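Okay, so here's the structure we're looking at.
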Amino acid sequence: MTQVPVVVIGAGHAGLAVSHVLTGRGVEHVVLERGEVANTWRTERWDSLRLLTPNWLTRLPGLAYEGDDPDGFMTVEELIGFIERYAELGDAPVRTQTEVTSVAPGDSGYVVTTRDGSWEAQAVVLATGAFNRPKVPAVAASLPDELEQVTTLDYKRPDGLRPGRVLVVGASATGLQIADELLRSGREVTVAVGEHVRMPRACTGRDIMWWLDRIGRLDERYDQVDDLVRARHVPSPQLVGTPDREDLDLNALTARGAELVGRLAAVRDGHALFSGSLRNVCNLADLKLVRLLDTIDARTAEDGLGDDAIARPEPTRVPASPRLDVDLVAGGYETVLWATGFRSDYAWLDVPVLDRKGELRHDGGIVRDAPGLYRIGLNFLRRRKSSFIHGAEDDATDLVEDLVAHLGSSIRTFPINFV
Ligand SMILES: Cc1cc2nc3c(=O)[nH]c(=O)nc-3n(C[C@H](O)[C@H](O)[C@H](O)COP(=O)(O)OP(=O)(O)OC[C@H]3O[C@@H](n4cnc5c(N)ncnc54)[C@H](O)[C@@H]3O)c2cc1C
């Protein structure tokens with residue numbers, strides 16, 4: 001068994017940010033990665049995806065965007081290059097192709113078992129990503145066998161789907177971006193719409209992410225919000241990062257021919273039954289958008305950036321009688337695409353720190369019930385920005401602060417013995 005003070009699991013941007021801060025504090029550690037650096041971006045994203053956050057916001061501790069297009073949006077390939085460069089610059093001690101199969105309590109902390117030997121560590125940081133498994137609702141099991149079911153982790157491009165109509169379930173960033181791509185490729189698309197967050201790409205010439213930063217929204221802390229459980233489950237904003245900085249909302253999709261229906265509530269005898277709440281969820285999203293724009297207007301006036309109120313976008317156009325019951329096979333549907341969110345996978349975590357829903361019990365990434373165990377990369381882990389790339393900056397620094405205190409004077413500085 002190899003001994004090391006700290007094991008970081010996962011070489012995505014979050015694990016590498018932790019590694020960078022640990023190195024800065026002189027703490028010996030190893031980063032274990034089941035695939036290659038930036039593995040999920042290589043294997044689990046669709047071809048045309050670009051970040052929805054602008055380049056200037058793609059930064060990590062010790063590395064900022066240095067290109068000549070700070071307001072642009074990286075392709076997946078560019079982001080992989082950025083993360084690889086980060087690992088190289090920091091000379092991160094990454095062991096690739098090393099899948100962790102178990103983390104269990106040990107004599108001096110934890111025993112981390114991999115397919116390539118075991119490690120004993122006083123502290124373990126789980127940086128394994130928040131989007132490991134698609135969250136597919138139970139109704140999926142009742143869909144007719146004739147239909148193909150695809151999740152957003154498997155989707156790559158329109159021609160990877162069978163020809164025919166597509167039902168996209170979910171109207172957050174992922175669902176809207178894929179629905180838009182399918183429509184542009186000539187598909188007929190129906191979108192089942194539940195709770196969603198509508199946002200314009202830009203206001204008064206500034207990107208919406210600039211404004212969210214400016215009004216302090218991204219820095220809101222986990223211990224300052226009224227309902228943290230709810231805050232952690234807010235859907236991702238309806239945004240897309242394209243070279244022409246276009247808006248992507250339900251109106252854009254209906255203009256391209258999409259049909260909107262309510263939330264998928266049940267499947268019975270091959271019929272999809274949709275909730276009658278479409279108008280309500282759209283009204284609510286419109287209302288929240290107006291509130292956000294009011295806040296931005298107030299801030300613009302306060303900062304002396306101008307007195308003109310931002311033009312309010314057209315309310316979401318909802319059909320007078322959205323369909324509530326669709327016979328999927330007879331209606332020509334071939335594919336149901338689940339864009340219903342993700343969950344973490346802890347199948348390998350043999351420490352009793354999960355709640356009844358299988359989510360990790362933690363206090364801002366510090367697992368109080370298991371001293372020395374840490375988590376990074378979850379929604380609203382410590383701040384609203386935690387799930388964004390730049391959110392790892394502050395979170396990694398905070399967690400390493402606690403981790404170093406945990407190691408205290410017992411910190412063991414024996415050399416890592418790679419066998
Ligand atoms: C579709 C999509 C679009 C997104 N767009 C943006 C965006 O525009 N801007 C933004 O800021 N954020 C975006 N995000 C959110 C976020 O930045 C990414 O999800 C990011 O990949 C999370 O980084 P991470 O390091 O926490 O996890 P990951 O990048 O998922 O890295 C986790 C690593 O852990 C490894 N791992 C997992 N289990 C094991 C194991 N048992 N043993 C060893 N290794 C393991 C994985 O292989 C992986 O390399 C997006 C997310 C998704 C899903």
Side-chain angles (χ1 to χ4, degrees), residues 7-19 30-60 65 72-76 78-80 82-84 86-87 94-103 112-116 119 124-135 151-156 170 172-178 207 209 212 218 236-237 239-242 339 341-350 365 375-379 381 384-393 395-396:
V7 168
V8 179
I9 309 176
H13 79 265
L16 294 170
V18 170
S19 169
V30 65
V31 182
L32 304 179
E33 166 57 53
R34 67 180 167 192
E36 296 299 318
V37 165
N39 195 50
T40 49
W41 293 102
R42 294 172 195 275
T43 57
E44 295 175 3
R45 305 285 184 260
W46 61 95
D47 295 352
S48 66
L49 178 66
R50 280 177 186 265
L51 289 186
L52 55 77
T53 43
N55 291 336
W56 59 266
L57 211 47
T58 302
R59 57 173 194 244
L60 290 166
Y65 174 77
F73 304 93
M74 281 188 199
T75 61
V76 168
E78 288 165 340
L79 180 64
I80 293 169
F82 178 84
I83 298 175
E84 272 178 338
Y86 187 59
V94 183
R95 299 200 97 192
T96 55
Q97 304 299 333
T98 307
E99 180 172 2
V100 171
T101 53
S102 160
V103 174
V112 178
T113 307
T114 75
R115 297 201 185 280
D116 186 24
W119 298 75
V124 175
V125 183
L126 313 179
T128 44
F131 305 109
N132 310 117
R133 298 261 173 269
K135 238 191 234 171
T151 75
T152 55
L153 292 183
D154 302 322
Y155 173 79
K156 297 295 172 207
S172 294
T174 308
L176 256 62
Q177 288 180 24
I178 296 177
D207 193 88
M209 296 306 293
L212 294 177
L218 297 177
S236 59
L239 286 174
V240 65
T242 54
F342 308 90
R343 63 184 174 78
S344 302
D345 178 18
Y346 296 110
W348 38 267
L349 185 60
D350 297 316
R375 181 67 160 105
I376 190 162
L378 295 181
N379 276 345
L381 183 93
R384 197 177 289 280
K385 65 185 176 188
S386 288
S387 58
F388 289 122
I389 290 166
H390 78 292
E393 253 179 343
D395 288 0

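Note that ligands are numbered from 1 as they come in the structure, with each ligand's atoms numbered from 1 the same way. Keep in mind that what you see is a predicted model, and the values were worked out from it rather than measured.
- Near Gly12, the atoms of ligand 1 lying under 4.0 angstrom from a non-hydrogen atom of the residue are 25 (O), 29 (O), 31 (O), 33 (C).
- Ranking protein heavy atoms by distance to atom 35 (C) of ligand 1, first place goes to Glu33 OE1, 3.3 Å.
- In terms of protein heavy-atom proximity, atom 34 (O) of ligand 1 is closest to Gly10 CA, 3.2 Å.
- At the shortest separation from atom 13 (C) of ligand 1 among protein heavy atoms lies Trp41 CH2, 4.3 Å.
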Trace of the side chain to side chain contact (heavy atoms under 4.5 Å, CB included) decision for Arg95 with Glu33: CA-CA 6 Å; Arg95 299 200 97 192; Glu33 166 57 53; over 6 Å; no
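- A donor-acceptor contact under 3.5 angstrom links the side chains of Thr151 and Asp154, judged on distance only.
- Ranking protein heavy atoms by distance to atom 27 (O) of ligand 1, first place goes to Gly129 CA, 3.3 Å.
- Here the heavy atom of the protein found nearest to atom 8 (O) of ligand 1 is Leu52 N, 2.6 Å.
- Of the inter-residue distances, the one linking Gln177 atom CD with Thr242 atom OG1 reads 9.5 Å to the nearest 0.5 angstrom.
- Rounding to the nearest 0.5 angstrom, the gap separating the CD atom in Glu99 from the CD1 atom in Ile9 is 10.5 Å.
- Scanning the protein heavy atoms around atom 44 (N) of ligand 1, the nearest turns out to be Arg34 N, 3.0 Å.
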Under the criterion side chain to side chain contact (heavy atoms under 4.5 Å, CB included), I'd like the reasoning laid out for Val18 against Val31: C-alpha separation, chi angles, the key distance, then a yes or no. CA-CA 9 Å; Val18 170; Val31 182; over 6 Å; no
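- Taking all heavy atoms of Leu51, Val100, Ile389 into account, the minimum distance to atom 41 (N) of ligand 1 is reached by Val100.
- In this structure, a donor-acceptor pair under 3.5 Å is present between the side chains of Asp350 and Ser102.
- Residue Ala14 approaches ligand 1 through these ligand atoms, each under 4.0 Å from one of its heavy atoms: 24 (P), 25 (O), 26 (O).
- Close approach to Gly377 involves these atoms of ligand 1, each under 4.0 Å from a residue heavy atom: 26 (O).
- Contact annotation: for Leu32 versus ligand 1, heavy atoms closer than 4.0 Å belong to the backbone alone.
- To the nearest 0.5 angstrom, Thr40 atom OG1 is 7.5 Å from Ile83 atom CD1.
- A search for side chain to side chain contact (heavy atoms under 4.5 Å, CB included) contacts involving Glu78 returns Met74, Thr75, not counting sequence neighbours.
- At a heavy-atom cutoff of 4.0 Å, ligand 1 is contacted by no atom of Ala392, backbone or side chain.
- Remark: the Ser344 side chain and the Arg375 side chain contain an N/O donor-acceptor pair separated by less than 3.5 Å.
- In this structure, atom 28 (P) of ligand 1 lies nearest to the protein heavy atom Thr40 OG1, 3.4 Å.
- Contacts with ligand 1 closer than 4.0 Å are made by side-chain heavy atoms of Trp46 only, the backbone lying farther away.
- Below 3.5 Å of separation, one finds an N or O of Thr53 facing an N or O of ligand 1.
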Walk me through whether Leu218 and Phe388 qualify under side chain to side chain contact (heavy atoms under 4.5 Å, CB included). CA-CA 9 Å; Leu218 297 177; Phe388 289 122; 4.1 Å; yes
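- Atom 22 (C) of ligand 1 has His13 CE1, 3.6 Å as its closest protein atom, hydrogens excluded (heavy atom only).
- Judged purely by distance below 3.5 Å, without hydrogens or angles, the side chains of Arg59 and Tyr86 never pair a donor atom with an acceptor atom.
- With a 4.0 Å heavy-atom cut-off, ligand 1 is reached by no atom of Ala38.
- Contact annotation for Phe131 and ligand 1: only side-chain heavy atoms (C-beta onward) come within less than 4.0 Å of the ligand.
- Using a 4.0 Å cut-off between a side-chain N of Lys or Arg and a carboxylate O of Asp or Glu, Arg42 and Glu36 do not qualify as a salt bridge.
- Within ligand 1, counting atoms from 1 as listed, the ones closer than 4.0 Å to a heavy atom of Asn39 are 47 (O), 49 (O).
- Residue Ile9 approaches ligand 1 through these ligand atoms, each under 4.0 Å from one of its heavy atoms: 42 (N), 43 (C).
- Close approach to Ser387 involves these atoms of ligand 1, each under 4.0 Å from a residue heavy atom: 12 (N), 15 (C), 16 (C), 17 (O).
- Under 4.0 Å from ligand 1, the heavy atoms of Arg45 that appear belong solely to its side chain.
- Atoms of ligand 1 found under 4.0 Å from any heavy atom of Thr98, numbered from 1 in the order shown, are 43 (C).
- Here Trp348 has side-chain heavy atoms under 4.0 Å from ligand 1, and that is the only part of it that gets that close.
- Considering CD1 of Ile389 and OG1 of Thr53, their distance stands at 5.5 Å, rounded to 0.5 Å.
- When the salt bridge (charged side-chain N to carboxylate O under 4.0 Å, His left out) test is applied to Arg133, the partners found at least two apart in sequence or on another chain are Asp345.
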